[in-house]
Amino acid sequence: MTRAEELRDLIKATTNKEKECQKFLPDIALHLVPFRVSADNILMTGREESCRTGDSDFSVSVEVDNGAVGRRYAYVWEVKAPQKYLFQLDSATNRLRPSDDLYSAENQLVNYVAELSASPNFRMKFGLTGITDEVRPGGIIIGRKDRFVSGKAEDADKNEGLARFAFSTRDAYLWSPAGIRIYTWDWVCTQLDEQPFVQPAAGPAISDLLPAGTNSLLAYSAEAISRGDELSFRTAVMAAYSAVELKLMPGGWDGRSPSPQQVFNKTIRPIAPEDINFQFMLLYQSRNKSAHGFGEHLTGQTARYALKAAREICTFLDRMNNGPEEPRDA
C-alpha cells in the first residue's frame, strides 16, 4: 500500500483522524514552502512545536538561494481533521461563513507564528540563525472535497457555488495578503501520488544548524549581543550555554541520560573552583530563563555575563582536559 492509499483510508474514516494524518506531512515538505526547492534546501521539519499559546501542528524550514549566504524561513502549518468542514451557512441568505474549525485554525496559526517568531529555541532548532531569517505562516490543511460546506445533501449544488465565492473572497482579502494557503487533505493525497516512492530524509541534528564548534558558538553569542534587542540577547545566552554543553559532551547531547548538567555535577563540580561552579549554575539558570521564561525580561547584562561565564568555563575545561602545564626552564 502506498502512502497516498494509507492517507485515503484515514480520510474516509468516520471518526476524526487529525493526529494520524499529521504524520504524512514530512513526506510532502517540499510542497509546504512557497518556493521551488530541492530536498537539499529543507533544513528541518517538526511536529507539535510548543509555545505559550499551545502546540503548533507542523513546521518546516528552508534555505532559499539568493546568490550569497541564502535566506532562511520557517513555515508554520495548522491542521484540522479531514472529517471537518471548511464552511457553514451564515445567518444571511446566500452567504457562507468559515466553520468553527476553520476559524479556530486561523486564530491558532497567527498566534503560533507570532509566538514562535520570538522563540530562541524554535529559531535554533529550525536553523534560523541570521538576523533576517523569518518565521512565516504556511497555511491550513482541513477537510476534503466532499466536506466543503456542512448542510443538507439536497442543497449541495447551491452550496458549491456559494463555497467557491466564499473561498475566493476570503483568499483575496485575508489569506493571500498574509501568505496563508488553504488546502484539503485531497491535495495532500495528490502530492503523495506524485512521489509514491519518495521517503522523507531524516532531518539534520540541531548541532548541524548552529555554528560548528565551541569557538564559533561563542563568537555567534557575541555577535547576537551586539544586535542589542531582547530576542538576540536570548539567542546569545542559548549559544553560550551550547558552547559549554559541547565542551562537556563532545559531539553534542542526544537528549538521553546523562544530561550535560548531570555530567558537570558528577565529573566537574567536585574538582572545579567555586567560581566555576557558581558561573555554571548562573549560566544554566539564564539558559532556562532564555528558553522558557518569556514573561521575564532578559537584559543585555544577563547575556554578557552568560558569554563571560561560558568563556571561563570552557577555558577551565580545556586546561583540565589538557592536564597541568609543563614547567618551563628558567
Side-chain angles (χ1 to χ4, degrees), residues 4 7-8 11 16-18 21-22 24-25 27-37 42 45 49 53-54 56-62 64 71 73-117 134-152 155-194:
L7 180 57
R8 285 194 176 92
I11 290 175
N16 289 345
K17 297 294 182 180
E18 176 181 323
C21 290
Q22 282 184 25
F24 292 83
L25 297 183
D27 294 21
I28 63 162
L30 290 175
H31 301 282
L32 298 178
V33 298
F35 308 101
R36 291 181 65 89
V37 295
I42 299 296
T45 64
E49 298 298 328
T53 55
S56 65
D57 287 329
F58 185 78
S59 301
V60 53
S61 59
V62 62
V64 181
R71 286 284 301 276
Y73 304 93
Y75 290 90
V76 181
W77 286 80
E78 183 60 23
V79 169
K80 296 297 180 185
Q83 290 74 28
K84 302 296 186 180
Y85 289 93
L86 279 77
F87 293 97
Q88 64 189 57
L89 295 173
D90 202 355
S91 55
T93 305
N94 295 327
R95 189 175 70 194
L96 301 180
R97 72 172 183 86
S99 66
D100 290 343
D101 293 294
L102 183 52
Y103 266 138
S104 173
E106 290 175 340
N107 186 53
Q108 288 173 299
L109 180 62
V110 296
N111 277 280
Y112 293 154
V113 170
E115 287 290 331
L116 294 174
S117 293
E134 298 179 45
V135 181
R136 292 181 172 181
I140 298 167
I141 301 174
I142 178 175
R144 59 193 194 220
K145 290 179 179 178
D146 64 349
R147 287 195 171 231
F148 231 71
V149 183
S150 62
K152 299 177 181 178
D155 297 330
D157 290 341
K158 175 185 176 182
N159 289 344
E160 181 180 354
L162 293 176
R164 287 180 178 277
F165 180 78
F167 188 99
S168 60
T169 301
R170 203 166 186 82
D171 185 50
Y173 291 101
L174 293 178
W175 296 330
S176 286
I180 296 172
R181 293 179 288 166
I182 309 294
Y183 295 126
T184 66
W185 285 100
D186 301 282
W187 175 84
V188 178
C189 283
T190 299
Q191 310 315 309
L192 291 172
D193 276 331
E194 294 176 356

Interatomic spacing from CG in L96 to CZ in R164 - rounded to 0.5 Å: 13.0 Å

Test item: S176 side-chain N/O and A172 main-chain N/O as donor-acceptor pair under 3.5 Å: no

Has R136 got a side-chain atom pairing as donor or acceptor with G179's backbone, closer than 3.5 angstrom? no

With rounding to the nearest 0.5 Å, note down the distance linking CD1 in I141 to CG in D186. 11.5 Å

Side chains of L32 and Q191, heavy atoms from C-beta outward: is any pair under 4.5 Å? no

Give the ring-plane orientation class for W77 versus Y183, where under 30° counts as parallel, over 60° as perpendicular and anything between as tilted. parallel

Heavy-atom side-chain proximity of E78 to E106 below 4.5 angstrom: no

Is there a side-chain contact between W175 and R170 (heavy atoms, below 4.5 Å)? yes

Heavy-atom closest pair (I180 atom, G139 atom, distance to 0.1 Å) is CG2-CA, 3.9 Å

With side chains defined as the heavy atoms from C-beta onward, is the minimum distance between V76 and E49 less than 4.5 Å? no

Are I11 and V188 packed together at the side-chain level, in the sense that at least one heavy-atom pair is separated by less than 4.5 angstrom? no

Test your reading of the model: is there a side-chain donor-acceptor pair from N111 to the backbone of N107, 3.5 Å cut-off? yes

Look up atom CZ in F148 and atom CD1 in I142, then write down how far apart they are to the nearest 0.5 Å. 10.0 Å

Could you tell me the separation between the CZ atom of R97 and the CG atom of D90, rounded to the nearest 0.5 Å? 6.5 Å

Would you check if K84 and S99 make a side-chain contact, meaning some heavy-atom pair closer than 4.5 Å? no

Kindly compute the distance separating OH (Y85) from CZ (R144), expressed to the nearest 0.5 Å. 7.5 Å

State plainly whether the residues K80 and D100 are in salt-bridge range, i.e. N to O under 4.0 Å. no

Do the side chains of I182 and W187 get nearer than 4.5 Å, heavy atoms only? no

Going by the angle between their ring planes, with limits at 30° and 60°, are Y75 and F35 parallel, tilted or perpendicular? perpendicular

Side-chain contact, heavy-atom cut-off 4.5 Å: I140 with V79? no

Output for pair (F24 CZ, W185 CH2), nearest 0.5 Å, gives 8.5 Å

